[in-house]
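Read the structure below first, then the notes.
Along the sequence shown, the residues carry numbers beginning at 1. Each ligand, and each atom within it, is numbered from 1 in the order the structure gives.
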Amino acid sequence: MATNPSWVVLKFGGTSVSSRGRWETIAEVISERLTEEATGRVMVVCSALSGVTNQLEEIIAQAPRGAHHEVLAAIVQKHLRLGDDLGVDAELLLHEEFSALERLALGASLVGEVSPRVQAQILSCGELMSTRLGAAFVGGLLKEVRWMDARTLLRTVAEPHASLRRRYLSAACEASIDRELQARLAGASERVVMTQGFIASNDAGESVLLGRGGSDTSAAYLAAALQAERLEIWTDVPGMFSANPRQVATARLLKRLDYAEAQELATMGARVLHPRCLGPVREHNIALHIRCTPEPRQEGTVIAAQAVGQGPQVKAVSAKHGVTVISMETLGMWQQVGFLADTFAVFKEHGLSIDMVATSESEVSVTLDPMANALDPAALARLQRDLGRTCKARIVEGCAVVSLVGRQVRSILSQLAPALNVFEEQQIYLVSQSASDLNLSFVVDEAQADRLVSRLHQLLFGEQGPDALFGPSWEELSGRVLPQAPFADAWWRGRRDELLKLAEQGATYAYSPETLRTQAARLTSMASIDRVFFAIKANPNPEILRLLEARGLGFECVSPGEVAHIRELFPQLETGRLLFTPNFAPRREYEQGFEAGAMVTLDNLYPLEAWPEVFEGREVLVRVDPGQGAGHHRYVRTAGPKSKFGVSVEELPRLAELAEQINLKVVGLHAHVGSGVRRAGTWSSTAVFLAQCRAHFPDVRWLNLGGGLGVPERPGQEALDLGAVDASLAEFKKAHPTLELWLEPGRFLVSEAGVLLARVTQLKTKGAYHYVGLETGMNSLIRPALYGAYHAIVNLTRQGEAPEVEAEIVGPICESGDVLGHARWLPRCAEGDVLLLANAGSYGRAMSSRYNLREPAAEVMLPALELGE
Ligand code: LLP
């Protein structure tokens, strides 16, 4: 061992510390580092268990209403379970944090608020708990682990004029060498120190946080303080890639980057590293290695002073989502002195940090990065109002920044020109080229961003093989080479002959009864769910409805037409299986809903105020706006003040009062946050939210958690973990055993069961573009045009043939938006070939039209397979 042993700092993120298997890897990595020649000491910095910081935030949100008990119990359970797996006594080890959380939450419920100071204390418990468990486990194996409280290691810089939130929740440290700390640790007998990321202390010795994602930054500060040999950030992907590998399977590992390039990539949306962590290592010239806990043998990315190859080169394509653009037009005063200073001062007043800027003589556009700014609608409205003093401000939300990142991008613009063609048909809100010449960025509609990134990546790196800079591709690395053709195991691959035959009749939607049954069974077998209603707007095809009715599902209808359709098909259907959820409907429709024996959902106070007699003495559900939406596109996110749906929480007391006056009983509460959601915690959050709203409505016995369950649409996308949805709701149910839980999905039941078949009519080549024309287009399937939705497209006639051309798949409608698929790789197509569009069972035929007086595709339910049920 070296005489003056130096440090390696290892940082492990949330997913890397959440299971025994991962902790075994951590122990192995530590013991390897201990035996390395150059190093003798290891500092391990850990995040909280995956999901725990979010749960702690949930406590902060719920505690003022005294509604934190469930989340707290779930956090305790999670740690006890991991403790059991690790064979350590979590109850004993975490006693202090468990009781601190209880005490802090109770305090918050008594005072009705949580100050930033207390928030910091609550949030710091996550890391304290994960490291206590980890230190006990690794200590048991290696015997020389010392657990240290990060608050004794990192001191933040005082910012007396900053807001309390900034001082307690998003503080910073100085990235300086700390000889006193080095001396203190050199004297210790243990060679391994385990401590927490994210937390530090201020001058008063109080707990403060370094901002979300701050664990990387903690590790970087500690590496600087200890003058570490290197910093290793262990995460769940093997490094930085030439594009987001979850989205672009051919993205290549970047083996080596210099600090500036890595900083640029981290800032531009590659979420492997927190952008703030590069400053300290760069300042002290400490190499940073990104490593992968699930694949500890992979080399990862090395970030150091010297990159590979110094010439101009684009190294990656990235997208940053959730960006807001603000365009400010001067009020007619051309060359007005101080215009920029005045407008930017308003951003400063509002505590908003500007990311990109473009100026012209009469207009300035800037972007606000969601990572750096808290952008709720109210904050934006205030900003717009105050900007009005100096200019006319227009706010465009839901944008994304697509960037080409590399060196001296400016000097190779002409080489990039063909790739930049992809922007041709996009609305570009802003183009910016960084002053450092490390990126060229385009601000576009969020819905277009992923497609543009895939396309640009293909054009720029399609031919790229491994070399000194580019490592293996994601698909090679993951050993899970994505099927060449998307959806390799989809049902329709096995029914090709039948489908080809069907398509001879013309454009057709074909439905698989087996897939419908499977999806229905998956939902009806969820232990936590009492009733499932099919949102028939997704697909009111009678045969589909019959199949679902026979499986016990109910139906959610949004119009008298839908209600009548169900009543006609199922005259005997029990009341408890018919739900009517109108929105801004006329008075008569509510009457019709009650007459038809449906359970009616109210989503406004107006009907009670204007037509109380319609509701007198009845029972209804009330749709509440949960404030925060989710979903695949902004048109399908249904919450917040900009959404027309639901009653706001503030209005509930008034609604309760109106109900009382007319003896109307609110027996159920409803919320639907949006559509196409694949995050498993969504529905339990809705349940927790609705349970709180119950305070105003003593008769509530049903919680309708809405629909919105998403399915994978793009190749490589993760499916919704329905087991996790069920488990989280089961937890909720334990606390509320008397409440019935309902779901009302549309897409999840029918999307994958349906495909759209259409024959090729003509081919065309124009410049670099190949067009494949189909007999039907947006009149049958409007989702690509309306939401930028992606439907996998295969040439069924040539199934199995290698893709050869990149083509635009278009229909015959007289609109340039009549494009069903952009930049799709297909075998060479010929007239009469049958193309199949996947995931077309929901909102396909249901949203079709006779636009241009072209009939939309017909519908056929395929016969059940012999092996059916
Ligand atoms: N419940 C309510 C109150 C809804 O508004 C909706 C859908 C659902 C349930 C069913 O949502 P699902 O489970 O299908 O996501 N046309 C769009 C989707 C619009 C959804 C409208 N509301 C699309 O093609 O993606």
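Under a cut-off of 6.0 angstrom, the local environment of CD in E574 is crowded, with over 12 non-hydrogen atoms contributed by other residues, nucleotides or ligands.
Near ligand 1, A535, K537, E556, R623, H632, V636, H670, H672, S675, G676, G707, G708, L709, E744, P745, G746, R747, R783, Y787, Y843, M847 each place a heavy atom less than 4.0 angstrom from the ligand.
Between the CH2 atom of W702 and the CG atom of D530 there is a distance of 11.5 Å, given to the nearest 0.5 Å. Here the CZ atom belonging to R618 is positioned 14.0 Å from the CE atom belonging to M599, to the nearest 0.5 angstrom.
For the pair R587 and Y606, the NZ or CZ position fails the cation-pi test of under 6.0 Å to the six-membered ring centre and within 45 degrees of the ring normal.
Note on E595 versus R588: salt bridge recorded, some NZ/NE/NH1/NH2 to OD/OE distance being below 4.0 Å.
For E752, the side chain to side chain donor-acceptor pair (under 3.5 Å) test picks out Q519, with sequence neighbours left out.
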